[in-house]
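Every chain is numbered from 1, with letters handed out A, B, ... down the list of sequences. Both backbone and side-chain heavy atoms feed into the values below; hydrogens, waters and symmetry mates do not.
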Amino acid sequence: MNPFIRFITRRLAFLLMTFFAFLLIIFALPRAIPGNPLASLLYQIIQQAQSNPDLVKAVYKKLLEEFGMDKPVHIQLIEFLGRLGGGDLGTSIAFYPRKVADLVFSYLPWSLGLLIPATLTSWVLGNLLGALAAYKRKTLTDNFLLTAFLTLSQTPYYWLAMILLYAFAVSFKFFPLNGAYSPGKTPTLSIPFILDMLHHYVLPFFSIIIGAMGGWAIGMRVMVIYELGSDYVSYVDSLGLPDRKILQYVFKNSMLPQITGLAINLGTILGGALITELVFSYPGTGFLIFRALSTLDYPLIQGTFVLIISTLLLANFIVDLIYAFIDPRIKTGYVGE
Amino acid sequence: MIPRIIKDLFKIKKLDISLGIFLGLMLLSLLGSIIYPVDPTSVVGPPERPPSSAYPLGTDNRGRDVLAQLIGGIKNSLYIGVIAALISLGIGVIIGAISGYKGGLTDSSLMLMTDVVLVLPSILIMMLIAAYLKERNPIFVSIIIGVTSWPWVARAVRAQMMSLKAREFVYMSRIAGLRDIKIIIEDLLPNMASYIFMAFVLLMSGAMIAEAGLSMIGLGVTKGISLGIILYWAQLFESVRRGLWWWFVPPGACLVALASSLLLMSTALDEYFSPRLKGG
Amino acid sequence: MPILETKGVKAYYSTPLGYIRAVDGIDLTLEKGVILGLAGESGCGKSTLVNTLMMNVRPPLRFIEGTIILDGKEISSMDRSMLKKNVWGVLVSLVPQSALNALMPTQRITDLVKDVVMHHMNVSEQEVVSMAKKRFEELNLEVDTLYRYPHELSGGMKQRVVIAISTLLNPKLLIVDEPTSALDVSTQKQVLKMLVDLKRAKIIESMIFVTHDIAVLRQIANWITIMYAGKIVESGLADDMLNHPKHPYTFSLVNAVVTPEPEVRNRGLASLPGEPPNLLDPPKGCRFNPRCPNAMEICRAKEPHLEEKSNRLVACHLVFP
Amino acid sequence: MLLEVKELTKIYNVGLLRRKEIIAVKDVSFDVKPEMFLSLVGESGSGKTTTAKIILKLIKPTSGSIIFEGQNIEGINTLKDLRRYWRNVHGIFQDPYASFNPFHKVDRALGQAFTLLEGSNFDKESIINEALREVGLRPEEVLGKYPHELSGGQRQRIMIARCYILKPKLILADEPLSMIDASTRAGILKLFSKLRDEHKTSVIFITHDLGLAYYVSDEILIMYKGSIVERGPPHEIIEKPQAQYTKRLVEDVPLLYKKWSGF
């Protein structure tokens with residue numbers, strides 16, 4: 001068989017298996033944990049029945065139906081998979097009667113709008129600075145950059161967000177305190193609204209860029225140092241190729257892991273910038289997941305997680321494709337040793 | 001060999017600095033309650049006071065002492081970090097070592113399992129598990145972090161094991177009739193020691209950050225304190241917007257200092273032990 | 001005019017413990033048309049020397065002093081960018097020791113060829129490709145190889161491709177550093193043949209061939225230089241020197257050669273006691289004195305200099321008292 | 001007969017993307033008489049090291065058998081039997097740097113020999129000292145040192161000293177000289193002959209160097225791509241090679257006293 005197709009088929013099979021394993025975890029966890037959290041949630045809902053009996057009854061009915069608590073486990077599992085297969089992620093409790101999928105898609109644009117540009121920017125900056133540090137190895141520049149990268153890579157985005165917020169929105173009132181746009185406004189495509197949106201955008205955007213840059217830079221720095229020490233570099237160097245060209249070679253060879261890293265990273269984007277969105281009260285999917293977790297909205301937790309894991313596995317698959325296209329050894333069906 | 005390595009290691013400035021920061025904070029957390037005997041959980045003064053001589057790092061919204069919380073928080077964060085790292089390391093080393101030493105079908109199936117766990121994002125699994133638990137003590141949190149972050153250790157240990165067991169000194173010990181267990185202890189493990197130590201250090205910093213992340217979304221420990229919990233409270237009660245900087249800056253700074261000193265430590269060790277990074 | 005001439009060349013490795021004097025005062029003259037075999041055992045500084053000869057010096061190695069004149073140009077005072085522009089690949093080329101890993105794994109051979117040629121010459125891509133094809137044919141390499149990735153080639157093939165690339169621009173001097181140590185004997189012979197053909201076809205004018213294998217030198221070199229502990233101990237015409245070694249070290253080196261020949265079985269094998277000296281702190285006097293069977297008082301006190309008699313250079317108090 | 005190798009075959013499965021079988025050793029048969037110096041000559045990948053590892057029971061053959069003093073070694077499985085076997089059949093490897101665990105002093109490699117010797121009241125120190133002197137080392141110069149403090153030649157001598165303690169019936173020496181400088185090689189080579197002459201040890205000398213094999217052996221086996229293509233006394237192999245591969249080999253080895261034609 002064509003080695004390329006064979007490789008891709010094997011990876012696809014693996015990813016599907018992983019997806020199934022994840023679905024099993026999602027299915028099993030609420031049912032397997034002692035004290036059955038689902039049951040206690042149902043109990044809680046019944047207790048709240050006084051306040052709004054009709055709504056609570058509806059929620060209760062829906063939950064029973066979706067989780068099928070009264071049926072044997074294997075039937076529950078089949079129904080669970082069947083619903084997922086039909087594209088139904090269930091109904092939220094906290095936002096009853098809205099569907100989970102519907103909720104996610106109304107929160108998603110904010111997360112994507114924030115994360116895609118921020119991730120790409122930090123990726124580009126991180127790679128450039130990382131390569132610079134490697135090129136300037138054993139100089140003051142490298143020592144400074146490396147220390148900065150190490151510290152940044154261990155700085156949680158959300159804490160950075162808190163610091164930025166305190167500095168530029170509380171102490172100096174340059175930027176607004178929270179939200180994606182000023183309260184009272186409705187999203188339109190007008191110039192004033194876009195300006196207002198950008199004004200809210202700056203701090204979360206930079207907190208993600210700065211927070212993510214260190215990790216990319218560290219990875220790139222190590223890769224470039226490794227490549228610079230390789231035999232092919234000293235060979236082309238001795239042939240007189242200019243440093244600029246050699247750096248191009250090294251950069252090209254160091255990029256593969258970084259590209260795949262980026263793809264995987266973009267794969268998790270559906271989850272939003274969980275805690276950063278929380279700090280800024282930014283209405284993205286991260287915020288939604290937080291609401292789901294804090295209100296124990298099981299259908300919403302399950303639904304969002306299934307979506308996140310799907311895009312993540314899809315990203316993994318794309319990475320495999322990239323590898324298969326770029327790595328000549330896969331193209332030619334190289335057999336080791 | 002070992003004394004020489006240790007002597008060499010102390011010459012590395014990066015290592016000295018990072019070790020200094022880390023041990024300093026660790027000592028603060030261990031001895032802190034003796035030097036600064038204030039109960040972090042009890043109300044000691046008026047709420048939301050800025051730092052002063054009475055409250056070096058101010059008080060929180062209920063009038064509890066932030067410095068005392070910080071001391072307790074570092075201690076618990078370190079505790080969770082160590083336990084979680086030990087759990088991951090244990091699982092990773094055992095799976096990796098068996099996989100690498102045995103090979104064959106055992107290897108294939110263990111690695112398949114590892115790959116599955118590696119692809120699933122550990123933070124999601126952590127969140128899932130944590131969300132369904134009502135009570136979460138530090139041990140639980142450590143276990144949750146530990147059981148989700150071992151796969152890369154297993155892979156790395158496996159690779160090391162495979163290359164080491166084909167080394168000639170291992171053959172020399174085998175044809176001297178040494179028992180497998182003795183070969184593993186005397187020949188294989190010492191040669192992986194630096195690696196295992198580095199993995200531990202990285203796992204620990206990862207675990208402390210993961211703990212803080214879980215806490216921030218309300219899935220951290222339900223009783224007691226940690227750096228993440230302080231941050232969580234600070235976030236919950238809008239400390240940033242209300243300008244109560246002493247409440248959220250110190251715990252975050254300590255977390256960053258602990259985690260990045262650990263990372264710096266492993267970077268320094270890596271540069272020392274891997275020749276290609278060491279060279280000019 | 002000789003193709004290469006050096007005077008008092010010193011290049012040391014800088015380490016925390018001090019300087020390792022790997023190349024310590026080398027005077028060398030290489031005439032046009034000569035294949036110089038540079039031999040010596042591991043750690044004697046031969047690889048360091050050949051890299052220094054083309055000023056390919058990178059930390060921790062440091063060029064200390066001396067002059068190197070290559071094809072009438074003093075390259076020891078040139079800076080790196082100048083060397084890269086006008087010397088390396090054009091006047092002098094290196095076939096590195098690690099030729100098996102010298103090709104970038106993610107690049108086809110043609111891509112490297114294009115980059116190398118187009119950096120030094122103002123030609124179009126098509127011209128480069130047709131030039132490379134012609135050269136590959138001339139050297140009996142399959143033209144198809146140009147479109148391959150390195151991992152698709154066998155060890156011997158990689159080695160020959162590297163040699164072909166190094167000589168694309170007809171450098172006057174080719175430096176070959178232990179090219180055959182990882183190859184089996186038949187492939188080794190092919191590679192050696194290719195090197196000799198390069199000179200015969202006048203693609204290169206001269207060659208320095210580094211090896212620890214004296215029997216290989218016998219086959220291809222017409223001039224041999226022996227190094228010991230960072231210094232040249234003997235230098236002369238290949239056949240003459242191998243038949244009548246003068247320096248005690250050369251003598252034991254030649255007599256340690258084991259080839260499948262009755263002469264060797266009858267002759268027996270020589271063995272030197274002791275270990276090569278530590279170049280951080282080389283012995284006083286002659287560096288070979290601690291291992292020399294003929295060491296005299298003066299050998300421990302005074303360093304012998306390379307002196308010439310009937311086309312032979314030797315640094316030994318026994319030969320030149 | 002000391003050792004009989006019968007139809008030995010070893011197949012490895014390798015592959016980055018698809019599994020591929022690599023036949024490392026194919027139907028190899030030969031035998032070793034007592035006090036025999038036998039050389040196994042081949043280029044890298046010819047299967048000579050694999051053969052040695054199988055004989056040393058470091059890896060299992062895919063098929064075929066090895067009979068040592070009339071016993072099939074497949075049946076040697078208990079630690080006690082294995083130890084007796086390794087006492088009689090010992091090995092020395094190519095890389096004197098990798099043969100020592102960098103975390104232990106070189107003494108350990110020598111001390112390990114005593115696990116193989118039966119009985120318990122040895123004067124270990126004097127046995128070790130004597131063995132070291134046999135291989136031309138001064139005990140006080142090497143004992144107590146870490147491997148990195150010694151040269152390659154010294155390390156390889158220590159490995160041979162270990163064989164002097166054991167006095168095995170058969171030594172498998174896998175390229176023991178390939179990383180040793182030429183000028184010190186002869187001294188180490190002589191130690192193998194001495195073991196044979198003084199202690200009646202047979203040697204299977206594995207090398208890629210036809211010259212060395214020619215110089216020391218009673219008999220040479222030529223291996224190519226996992227099979228034995230030719231066997232015979234050294235002078236016959238060199239003077240009248242029969243197999244195609246051997247002919248090419250003999251023709252392509254660089255000689256000291258004769259030049260290649262066409263160069």
Side chains of Phe169(B) and Pro102(D) in contact at under 4.5 Å (non-hydrogen atoms): yes
Within-4.5 Å side-chain heavy-atom neighbours: Arg108(D) and Ser173(B): yes
Between Lys57(D), Arg87(D), Gln94(D), the one whose heavy-atom pairs under 4.5 Å with chain B are most numerous: Gln94(D)
Main-chain N/O of Met172(B) paired with Arg162(D) side-chain donor or acceptor, under 3.5 Å: yes
Top contributor to chain B contacts, counting heavy-atom pairs under 4.5 Å, from Leu56(D), Leu79(D), Val89(D): Leu79(D)
Neighbourhood of chain D inside residues 179-196 of chain B, taking heavy atoms under 4.5 Å as contact: Arg179(B), Glu186(B), Asp187(B), Pro190(B), Asn191(B)
Option in Leu166(D), Asp174(D), Leu116(D) with maximal non-hydrogen atom pairs under 4.5 Å from chain B: Leu116(D)
Lys105(D), NZ atom: more than 12 neighbouring heavy atoms under 6.0 Å: no
Nearest non-hydrogen partners of Arg174(B) and Leu58(D), listed with the distance: NH2-O, 3.0 Å
Contacting moiety of Glu149(D), where chain B heavy atoms sit under 4.5 Å: neither
Main-chain N/O of Gly177(B) paired to Thr115(D) side chain as donor or acceptor, under 3.5 Å: no
Region of Lys53(D) that comes under 4.5 Å of a non-hydrogen atom in chain B: side chain
Within 6.0 angstrom of Lys75(B) NZ, more than 12 heavy atoms from elsewhere: no
Pairing residues for Phe122(D) by the ring pair (Phe, Tyr, Trp, His ring centres under 6.0 Å) criterion, not counting sequence neighbours: Phe114(D)
Donor-acceptor contact below 3.5 Å, side chain Glu168(B) vs main chain Pro96(D): no
